[in-house]
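Structure first, then comments.
Just so you know, these numbers use all the heavy atoms, side chains as well, and skip hydrogens, waters and symmetry mates.
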Amino acid sequence: MKDTVFQQILKPLTTNLIQECVKRFQTDYDCEKFLTWHHLQTMIYAHLNEIKSLSTLEVAINSQRIGINCEVKRSTLSDANQRRSAECFMWVLKKLMHLLPRKLRANIKKVIKILDSSPIQLKGRGYSEWAKEFATRRCQGLKLHVEYDLEIESPTRVAMSYPNYNDSSMGCQWPIIPDAVYVFDKGYYDFNWWWSIHQKQAFFVTRLKKNAAILMQENTINVSETILEDGSFKLKNKRSGGKINLYRESLRRVTVYREKKPPLVLVTNLFNVSAEIIAELYKARWEIELFFKWIKQNLKLKKFLGKSENSVKIQIVTAMIAYLLVQIYKNNSGDDKRLQLVLVWVRCNLNIKVPKFKNYTPPIYQFEDYGEGVQL
């Protein structure tokens, strides 16, 4: 027996998962033909093929025998993108992320999580009606928040907000894994959130602001060619941002040399590793920037198929689903090529039939109570 490449890509989206999604969110209510499963397949197909318009998508998907048992019409897809809630696809994305393994970084034996956000610019007629109210000076549209696992090179948590929503507020909503290391920039500058990470026996690495009021306790100068300073300190301020500052324990400050740039001043509660590793962890934050760039360049996040808020959210969430499916396909097939090259191969062979994976076991999902929310 053989499946098309597209059918193999969709393997982790089991019948059980889709049925639970439909039951939970009632997304097939009053729908006779274009069901949630057809909708999700169509959006994934659009991402994998970089399709730029509904009319192009209608012709392309109906001309290929790739396993979608439904004729797709652009008017039907347009209506579905406006009416079917994006929350159901966010729930599916969350379940897919649960399939990813947890992997420790070799040099410190810990899970490394990088937190960041990326703006999705949406300007012009159709967007401004709903996006302008929440716009900032720099961005009008949406903001994509991601928790990225450095070792498995994949997002492990995703949320969406408006540009005027603070990154640290989103960070406060996400659960903290004990003994993990969280790396983030100054958008997450909140002493009390740092304290909550510390209280949960986890660690963080971030930048220290120039105007931070600190009381140095110990300090070693010129540790190496790259480490200018390595010392401990306490925060002087009893209040921060109108709130009582709960972080009264010692912190570590590491100053890193940068050629032709001002030194990088890092702060962390991680004391049992070298300053070089602290610098390396913060430098690894660049990986999430590359992930955002990869998503926007290789999947369909430059031109949107609809202009309503729900349509845009569906396109963003299904792009993340497509990313994870390609990565899982890469792992199952044992392909050692870069993910971008795997995507190119998939794009050129979607309707080609290939042998099924040997010893493939469909994933078994755990479904929690209906009270669980999703972050949109």
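- Note: N81 CG to T76 OG1 = 11.0 Å, rounded to the nearest 0.5 Å.
- Checked against a 6.0 Å centroid threshold, the rings of W91 and F367 count as neighbours.
- No side-chain donor-acceptor contact under 3.5 Å links H98 to the backbone of Y365.
- A salt bridge is defined here as a Lys NZ or Arg NE, NH1 or NH2 lying under 4.0 Å from an Asp or Glu carboxylate O, and E50 with R347 meets this definition.
- Note: the hydrophobic cluster containing L99 also contains M320 (ILVMFWY, side chain heavy atoms under 4.5 Å, direct or indirect links).
- Residues in residues 108-127 take part in these side-chain hydrogen bond (donor to acceptor under 3.5 Å, both in side chains) pairs, two or more places apart or across chains: K110-D179, K113-D149, K113-T156, D116-R285, S117-D167, S118-K296.
- Side-chain atoms of H47 come within 3.5 Å of backbone N or O of Q315 as a donor-acceptor pair.
- Between F34 and H39, the ring-plane angle classifies as tilted under the 30° and 60° cut-offs.
- A side-chain N or O of E229 and one of N219 form a donor-acceptor pair less than 3.5 Å apart.
- V205 pairs with exactly one of I112, N269, I278 by the side-chain contact (heavy atoms from CB on, under 4.5 Å) rule, that one being I278.
- Salt-bridge annotation for R84 and D79: absent, with no side-chain N of the basic residue lying under 4.0 Å from a carboxylate O of the acidic one.
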Go through it in stages, so that I can follow the logic: the residues are Y282 and V256, the test is side chain to side chain contact (heavy atoms under 4.5 Å, CB included), and I'd like the CA-CA distance, side-chain angles, deciding distance and then a yes or no. CA-CA 10 Å; Y282 192 80; V256 184; over 6 Å; no
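- The closest side-chain heavy-atom distance from Y188 to I197 is not below 4.5 Å.
- More than 12 heavy-atom neighbours from other residues, nucleotides or ligands sit within 6.0 angstrom of NZ on K200.
- Looking only at side-chain heavy atoms (C-beta outward), E249 and W195 come within less than 4.5 Å of each other.
- T220 and D230 share no donor-acceptor pair across their side chains, judged by distance under 3.5 Å alone.
- Donor-acceptor pairing under 3.5 Å is lacking for the side chains of N16 and T14.
- Between F291 and Y148, the ring planes are tilted. Angles from 30° to 60° get that label.
- Under the 4.5 Å side-chain criterion, counting only non-hydrogen atoms from C-beta, V223 is not in contact with V254.
- Nearest heavy-atom pair across S168 and D190 is CB-CB, 4.1 Å.
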Run the side chain to side chain contact (heavy atoms under 4.5 Å, CB included) test on R207 and L266 for me, step by step, so that the C-alpha distance in whole Å, both residues' side-chain angles and the decisive distance to 0.1 Å come before the verdict. CA-CA 4 Å; R207 291 180 66 179; L266 305 178; 4.0 Å; yes
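- Between the CD atom of E153 and the CD atom of Q327 there is a distance of 7.5 Å, given to the nearest 0.5 Å.
- Looking at every heavy atom in both residues, R252 comes nearest to S274 through NH2-C, 3.7 Å.
- In this structure, L305 and S311 have side chains that are not in contact, with every pair of non-hydrogen atoms separated by 4.5 Å or more.
- To the nearest 0.5 Å, atoms CG (L246) and CG (N192) are separated by 4.0 Å.
- Side-chain contact between S232 and F271 is present, with at least one heavy-atom pair separated by less than 4.5 Å.
- F6 is connected to V354 through a chain of hydrophobic side-chain contacts under 4.5 Å among Ile, Leu, Val, Met, Phe, Trp and Tyr, so both are in one cluster.
- A donor-acceptor contact shorter than 3.5 Å links the side chain of Y182 to the backbone of I177.
- Put simply, the side chain of E58 never gets that close to the backbone of S75: no donor and acceptor are under 3.5 Å apart.
- Between R105 and E280 the shortest side-chain heavy-atom distance falls below 4.5 Å.
- When side chains are defined from C-beta on, V22 does not count as touching W37, because their heavy atoms never get closer than 4.5 Å.
- Heavy atoms only, all atoms of each residue included: A284 and I114 are closest at O-CD1, 3.2 Å.
- Tested against T318, the residues L40, T42, L93 include a single side-chain contact (heavy atoms from CB on, under 4.5 Å) partner, L40.
- Hydrophobic clustering of Ile, Leu, Val, Met, Phe, Trp and Tyr side chains at less than 4.5 Å, counting indirect connections, unites M97 with W294.
- Considering only heavy atoms from C-beta on, L122 comes within 4.5 Å of F304 through its side chain.
- R258 CZ: more than 12 foreign heavy atoms inside a 6.0 Å radius.
- Rounded to the nearest 0.5 Å, atoms CG (N245) and CH2 (W194) are 9.5 Å apart.
- Atom CG of L270 is separated from atom CG of L281 by 7.0 Å, given to the nearest 0.5 angstrom.
- Judged as a side-chain hydrogen bond (donor to acceptor under 3.5 Å, both in side chains), the pairs with a partner in residues 328-345 (not counting sequence neighbours) are, in order, N298-Q340, D335-K337.
- Linking ILVMFWY residues whenever their side-chain heavy atoms come closer than 4.5 Å, directly or via other members, leaves V267 and Y257 in distinct clusters.
- Looking at T226 and E276, their side chains never bring a donor and an acceptor atom within 3.5 Å of each other.
- Enclosure of atom CZ in R138 is not indicated, since only 12 or fewer non-hydrogen atoms of other residues, nucleotides or ligands lie within 6.0 angstrom.
- Annotation: cation-pi geometry not satisfied between K143 and Y165 (NZ/CZ under 6.0 angstrom from ring centroid, within 45° of ring axis).
- Checked against S128 for a side chain to side chain donor-acceptor pair (under 3.5 Å), the options Q140, E133, K307 give a single hit: Q140.
- Under a 3.5 Å cut-off, the side chain of N49 and the backbone N or O of I51 do not form any donor-acceptor pair.
- Proximity of a side-chain donor or acceptor of E129 to a complementary backbone N or O of G126 within less than 3.5 Å is detected.
- Checked by atom type and distance alone, the side chain of Q7 pairs as donor or acceptor with a backbone atom of T4 at under 3.5 Å.
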Using side chain to side chain contact (heavy atoms under 4.5 Å, CB included), reason through M43 and F89 one step at a time and then give a plain yes or no. CA-CA 11 Å; M43 293 304 297; F89 300 120; over 6 Å; no
Take K11 and I328 through the test side chain to side chain contact (heavy atoms under 4.5 Å, CB included) and record every step on the way to the result. CA-CA 9 Å; K11 285 283 186 185; I328 293 170; over 6 Å; no
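- For the pair A159 and M90, the tightest heavy-atom approach, listed with the atom from each and the gap, is CA-CE, 4.3 Å.
- Atom OH of Y323 sits about 5.5 Å away from atom OG of S154, to the nearest 0.5 Å.
- W193 and F184 have tilted rings, their planes meeting at an angle from 30° to 60° on a 0 to 90° scale.
- In E218, the CD atom is not crowded: 12 or fewer heavy atoms of neighbouring residues, nucleotides or ligands sit closer than 6.0 Å.
- Nearest heavy-atom pair across L96 and L324 is CB-CD1, 4.0 Å.
- Linking Ile, Leu, Val, Met, Phe, Trp and Tyr residues whenever their side-chain heavy atoms come within less than 4.5 Å places F191 and W174 in a single cluster.
- Judged purely by atom type and a 3.5 angstrom limit, R74 has no side-chain atom pairing as donor or acceptor with the backbone of L57.
- Within a 6.0 Å sphere centred on NZ of K186, other residues, nucleotides and ligands contribute more than 12 heavy atoms.
- Closest non-hydrogen pair, K236 versus I214, comes out as CE-O, 3.4 Å.
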